[in-house]
There are 2 protein chains.
Amino acid sequence: MKILENIEKKIKMTPQRAAILKYLEGNTSHPSAEDIFESVRKKYPMISFTTVYNTLQTLKDLDRVRELNIDDERKRYDPNVNLHHHLICNNCKKIVDIFIDFPLDISEEEAQGYTISCRHVEFYGLCPKCRKTKNKGQGNRNRD
Amino acid sequence: MKILENIEKKIKMTPQRAAILKYLEGNTSHPSAEDIFESVRKKYPMISFTTVYNTLQTLKDLDRVRELNIDDERKRYDPNVNLHHHLICNNCKKIVDIFIDFPLDISEEEAQGYTISCRHVEFYGLCPKCRKTKNKGQGNRNRD
DNA sequence: TGTTATATTGTAATGATTACATATTATACT
DNA sequence: AGTATAATATGTAATCATTACAATATAACA
Ligand SMILES: [Mn+2]
Ligand SMILES: [Mn+2]
Ligand SMILES: [Zn+2]
Ligand SMILES: [Zn+2]
């Protein structure tokens, strides 16, 4: 399911929502709510932060966006809701996609009575940029 | 590395820290800072929330505790720092351990230049208790 | 026992997210 | 086109987890 697919049938379209959707479509940067707000604001300086959160909630309810808890400081959003995994930089928190179908089946016993609905693999490490500048400035968030 | 192993050589021992360590040792419930605070408070009613956070930070620095971002509402802490994975209930947020060594190797190309330091598999689903009461009360956190 | 670096405490500050009341507007129906 | 109305946007305030800070207390060691 693409984020824009049949979306105008599902929600009332507004300029703000259109701008948010345009920003999200095909976006692989896993932006935070603030990233979205700051970007959309360039074109729509009057947009409210609350509108960004409201729209994200709406898109989540429609399964057009996936919320990631992978970053310990803020929620990140992924317009690609197809099954895939992630690699995160411990320093700048840049997140990139990994499209590999790992064998992650577990037995009923191993599932300890849980009904499993989805699986997610997180790889943690250092991105190329942060590895180079490792000993200099630390803790700087990604601003690509 | 066990959480208590040689710990008195590493940090200044205090009654508060001893109580926190005692609570954490062998604990598989993946408590939040508040869970720790509430439990330790029964024995040490004067303990401060800040002390819990400070101690957790110290233990993280010593690699005696692992911080989990798996719960979208609060950080959770795991005194078992050995490699293992987790299964979380989408409803009550109960987290259980999975000790399976999944094949998660990826090529250098797949790693996109990242240096990978650790891997973590998250399984999401419903715990047995929440599955039973699915249609009644929702969103209730685990209080085991 | 005294010294001192380190830890604890209470409180205030921060930062992300949510709640709420009011104003605006997209959509559908004359 | 004009109007009604339910949904949406906005600004502000509230909430909640976590962190910062300054004053007080204490574990470790001589
Ligand atoms: Mn992704
Ligand atoms: Mn665990
Ligand atoms: Zn990086
Ligand atoms: Zn549950």
Side-chain angles (χ1 to χ4, degrees), chain A residues 6-23 30-41 43-62 64-77 93 139-142, chain B residues 4 6-24 30-41 43-62 64-77 93 139-142:
Chain A
N6 225 22
I7 193 74
E8 64 288 341
K9 300 279 172 48
K10 301 282 185 179
I11 64 175
K12 189 190 275 189
M13 197 49 58
T14 67
Q16 294 89 337
R17 285 179 166 185
I20 292 169
L21 287 165
K22 184 179 175 197
Y23 174 74
H30 309 90
S32 65
E34 189 182 9
D35 293 333
I36 298 169
F37 175 66
E38 290 303 338
S39 173
V40 170
R41 193 144 76 132
K43 284 281 177 134
Y44 290 85
M46 75 298 294
I47 198 173
S48 159
F49 218 138
T50 304
T51 296
V52 174
Y53 276 112
N54 286 342
T55 302
L56 286 170
Q57 182 61 53
T58 301
L59 294 173
K60 270 192 293 174
D61 292 344
L62 294 169
R64 299 307 180 96
V65 123
R66 175 173 163 200
E67 190 175 272
L68 299 175
N69 299 322
I70 203 172
D71 180 340
D72 63 336
E73 292 183 37
R74 45 180 52 77
K75 289 176 182 167
R76 306 279 288 259
Y77 297 90
K93 314 294 179 183
N140 296 313
R141 293 206 140 250
N142 164 253
Chain B
L4 293 181
N6 226 21
I7 193 73
E8 63 289 340
K9 299 280 173 46
K10 301 282 185 179
I11 64 176
K12 188 192 277 189
M13 195 50 57
T14 68
Q16 294 89 338
R17 286 178 165 184
I20 292 169
L21 287 166
K22 184 180 173 193
Y23 174 74
L24 287 177
H30 308 90
S32 65
E34 189 183 6
D35 292 333
I36 298 169
F37 176 66
E38 291 302 339
S39 173
V40 170
R41 193 144 76 133
K43 285 281 178 134
Y44 291 85
M46 75 298 294
I47 198 174
S48 160
F49 219 135
T50 304
T51 297
V52 173
Y53 276 111
N54 286 342
T55 302
L56 286 170
Q57 182 60 54
T58 301
L59 294 172
K60 271 194 291 175
D61 292 344
L62 294 170
R64 300 307 179 97
V65 126
R66 176 173 163 200
E67 190 174 273
L68 299 175
N69 300 321
I70 204 174
D71 180 340
D72 63 337
E73 292 183 37
R74 46 182 49 79
K75 289 176 182 165
R76 305 279 289 259
Y77 298 90
K93 316 294 183 182
N140 296 313
R141 293 205 140 250
N142 165 253

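Order of the sequence lines fixes the chain letters, A, B, ..., with proteins taken first and strands second; residue numbering starts at 1 for each chain. Predicted, not measured: the structure shown is a model, and the values here were computed from it.
- In this structure, Ile7(A) atom CD1 and dA7(D) atom C1' are separated by 15 Å, rounded to whole Å.
- Contacts of Lys60(A) classified as salt bridge (Lys or Arg N to Asp or Glu O under 4.0 Å), with partners at least two apart in sequence or in another chain: Glu67(A).
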Name the pairs: protein N/O against N/O of nucleotides 14-19 of chain D, kept only if under 3.5 Å.
{"residue": "dA17(D)", "atom": "OP1", "partner": "Arg74(B)", "partner atom": "NH2", "Å": "2.2"}
{"residue": "dT18(D)", "atom": "OP1", "partner": "Lys75(B)", "partner atom": "N", "Å": "2.8"}
{"residue": "dT18(D)", "atom": "OP2", "partner": "Tyr53(B)", "partner atom": "OH", "Å": "2.5"}
{"residue": "dT18(D)", "atom": "O5'", "partner": "Tyr53(B)", "partner atom": "OH", "Å": "3.2"}

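- Between Arg64(B) and Lys10(B) there is a side-chain heavy-atom pair separated by less than 4.5 Å.
- Using modelled atom types and a 3.5 Å distance limit, the side chains of Asn54(A) and Thr51(A) yield no donor-acceptor pair.
- Between the side chains of Ser32(A) and Asp35(A), at least one donor-acceptor pair of N or O atoms lies under 3.5 Å.
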**Message:** Quick one, Ile7(B) with Met13(B), criterion side chain to side chain contact (heavy atoms under 4.5 Å, CB included). Give me CA distance, side-chain angles, the key distance, then yes/no.
**Reply:** CA-CA 8 Å; Ile7(B) 193 73; Met13(B) 195 50 57; 4.1 Å; yes

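- For the atom pair Ile36(B) CD1 and Tyr77(B) OH, the distance stands at 7.5 Å (nearest 0.5 Å).
- Between the side chain of Arg17(A) and the main chain of Lys12(A), a donor-acceptor pair closer than 3.5 Å is present.
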**Prompt:** Passes side chain to side chain contact (heavy atoms under 4.5 Å, CB included), Leu21(A) versus Thr55(A)? Steps please.
**Reply:** CA-CA 9 Å; Leu21(A) 287 165; Thr55(A) 302; 5.7 Å; no

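- Separating the OG atom in Ser39(A) from the CD atom in Glu34(A) is a distance of 12.0 Å, to the nearest 0.5 Å.
- Where DNA chain C meets chain B (any atom under 4.0 Å from a heavy atom), the bounding nucleotides read 5' to 3' are dA5(C) to dT11(C).
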**Complete:** Counting primed atoms, P, OP1 and OP2 as sugar-phosphate and everything else as base, the B/S/- map of nucleotides 22-30 of chain D against protein heavy atoms under 4.0 Å is -----BS--

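- A heavy-atom distance below 4.5 Å is found between the side chains of Pro31(B) and Leu24(B).
- Qualifying salt bridge (Lys or Arg N to Asp or Glu O under 4.0 Å) partners for Arg76(A), counting only residues two or more places apart in sequence or in other chains: Asp71(A).
- Where the helix from dT1(C)-dA30(D) to dT30(C)-dA1(D) starts and where it ends, the local axes point in directions that differ by 30°; five pairs per end, rounded to 10°.
- Here the CG atom belonging to Asp61(A) is positioned 11.0 Å from the CG atom belonging to Leu56(A), to the nearest 0.5 angstrom.
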